[in-house]
Amino acid sequence: MAADPPTPTTGQRHDAEVRLHLLGGFRLTQGETTVAVPRGLQRIIALIGLRPGATRTHLAGLLWPETPEDRALSSLRTALWRLRQDPYCPLTTPADTVRLDPLVRVDVNQLVDTAARVRDGQTPDDAAEALAAGRHDLLPGWYDDWVLADRERLRQLRLHMLEQVAGQHLAAGRHGEALEAALEAMAAEPLRETPHRLVVRIHLAEGNAFEAVHAYYVYRDLLLRELRLEPSPAMSALLAETLEPIRRASRPASGPRRHLGSRAAFQPVDVRHHPDPAH
């Protein structure tokens, strides 16, 4: 490995903090300097960062799944030897395991730690950090099986974290912060119902019936167009209960009952010309 711009590849390593970035693409930095790493060695460093303390046999099997074990282990030994020749190498190899140097900061670990704090009911010290954590996919453009599995795991972890953050803010009456987190989750997975349901709940908590109805139909149209599905009964029930007084007031006395599941149920209703049902 070599730093970019060029820096020495022999001698003692600098004291600057070493960071391994895997979200949004591979990048190894030391202080403000990016260390250039060949693609083959990137795969090894990335895997070790995602599987701390893995045995050499396990790593070799993941890196070269179609290769006989003895040849895969030989390839791993060669790669580790190359890495150890470089002063910027962030690896330690105690016994049969391989791990990153404890001083290396990994962005994936920061995402996992933030999600764990949220799961335990703690509000992150920096709200922007929670929203931005994991905003980019793990190693986009990489299609190794181990990358695909971890990419989906981290994507789901972030979605649940954002939804929990939104729920915590909503429960505390911080509607602006709740909406920001829900919209962040919605942007990450537009077809996922949970963040859309949160947006409807937030608008209703603020007394914005029109915004709630609009958010419902935006999602309903998207779901019908992309998957030919309707929103769940749980989501429909949010509006059915809230807007029942409006629907009842606009329904002819002898007319048939209509349900939220059909768009026609809302066609004769102009929310702007009716009092807020919350009052």
Side-chain angles (χ1 to χ4, degrees), residues 21-25 107-108 110-138 140 150-243 260-261 263 266 271-272 276-278:
H21 307 265
L22 301 178
L23 300 172
D107 58 357
V108 168
Q110 293 176 284
L111 167 59
V112 172
D113 291 344
T114 301
R117 294 199 305 273
V118 171
R119 187 172 57 246
D120 292 340
Q122 302 177 30
T123 301
D125 296 333
D126 185 353
E129 175 188 354
L131 295 182
R135 183 170 285 166
H136 303 290
D137 281 338
L138 175 73
D150 274 16
R151 183 181 298 156
E152 180 59 19
R153 175 179 66 86
L154 293 171
R155 191 180 74 87
Q156 291 293 331
L157 182 72
R158 179 173 186 260
L159 286 169
H160 283 89
M161 177 188 71
L162 290 170
E163 291 163 0
Q164 288 168 333
V165 168
Q168 290 171 4
H169 285 313
L170 176 59
R174 297 186 293 267
H175 299 137
E177 292 90 338
L179 188 60
E180 187 177 8
L183 291 175
E184 185 77 29
M186 186 188 301
E189 181 46 80
L191 291 173
R192 184 179 173 92
E193 180 174 301
T194 314
H196 290 271
R197 195 187 308 167
L198 277 164
V199 168
V200 170
R201 289 176 55 201
I202 294 164
H203 287 315
L204 292 175
E206 292 183 298
N208 294 324
F210 175 77
E211 292 281 6
V213 173
H214 176 72
Y216 172 85
Y217 276 119
V218 166
Y219 177 61
R220 182 176 183 267
D221 290 345
L222 175 66
L223 206 58
L224 284 170
R225 183 172 65 251
E226 297 294 331
L227 300 177
R228 313 299 294 176
L229 295 175
E230 290 273 354
S232 73
M235 183 170 183
S236 299
L238 291 174
L239 288 175
E241 179 180 351
T242 301
L243 297 184
L260 181 63
R263 178 183 289 275
F266 282 96
V271 177
R272 294 170 297 181
D276 188 329

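Because the structure is a prediction, the values reported are computed rather than measured.
The number of heavy atoms from other shown groups lying within 6.0 Å of NE2 (H175) is above 12. Heavy atoms from other residues, nucleotides or ligands lying under 6.0 Å from CZ of R151 number more than 12.
Using modelled atom types, one side-chain atom of H196 and one backbone atom of P190 make a donor-acceptor pair closer than 3.5 Å. Proximity of a side-chain donor or acceptor of E189 to a complementary backbone N or O of L159 within less than 3.5 Å is not detected. No donor-acceptor pair closer than 3.5 Å links the side chain of E211 to the backbone N or O of I202. Using a distance-only test at 3.5 Å, with no hydrogens or angles considered, a donor-acceptor pair links the side chain of R158 to the main chain of L131. A distance-only check finds no donor-acceptor pair linking the side chain of Y219 to the backbone of H214 [under 3.5 Å].
Counting only heavy atoms from C-beta outward, the side chains of D113 and R117 approach each other to under 4.5 Å. Looking at heavy atoms from C-beta onward, H203 lies out of side-chain contact with V200 at the 4.5 angstrom threshold. Using a 4.5 Å heavy-atom threshold, the side chains of E230 and R220 count as touching. L162 has its side chain out of reach of P195: every pair of non-hydrogen atoms, C-beta onward, lies at least 4.5 Å apart.
With values rounded to the nearest 0.5 angstrom, L227 atom CG is found 8.0 Å from L222 atom CG. The CG atom of L223 sits 13.5 Å away from atom OH of Y217, with the distance rounded to the nearest 0.5 Å. R155 CZ to L23 CG: the interatomic distance, rounded to the nearest 0.5 Å, is 14.0 Å.
The two residues A185 and E163 come nearest to each other via the heavy atoms CB-CG, 4.4 Å. The two atoms that bring P140 and G24 nearest to each other are CD-C, 3.6 Å, heavy atoms only.
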TODO: Using the side-chain contact (heavy atoms from CB on, under 4.5 Å) rule, take M186 and L198 through it: C-alpha gap first, then chi angles, then the decisive distance, then the call.
DONE: CA-CA 10 Å; M186 186 188 301; L198 277 164; over 6 Å; no

Task: Test side-chain contact (heavy atoms from CB on, under 4.5 Å) applied to E180 and E184, step by step - done: CA-CA 6 Å; E180 187 177 8; E184 185 77 29; 5.9 Å; no

- [ ] Decide side-chain contact (heavy atoms from CB on, under 4.5 Å) for Q168 and V118; before the verdict, give the C-alpha distance in whole Å, the side-chain angles of both, and the deciding distance to 0.1 Å.
- [x] CA-CA 9 Å; Q168 290 171 4; V118 171; 3.9 Å; yes

- [ ] Take V165 and H169 through the test side-chain contact (heavy atoms from CB on, under 4.5 Å) and record every step on the way to the result.
- [x] CA-CA 6 Å; V165 168; H169 285 313; 3.5 Å; yes

- [ ] Given salt bridge (charged side-chain N to carboxylate O under 4.0 Å, His left out), test R153 with D150 step by step and report yes or no.
- [x] CA-CA 5 Å; R153 175 179 66 86; D150 274 16; 3.6 Å; yes

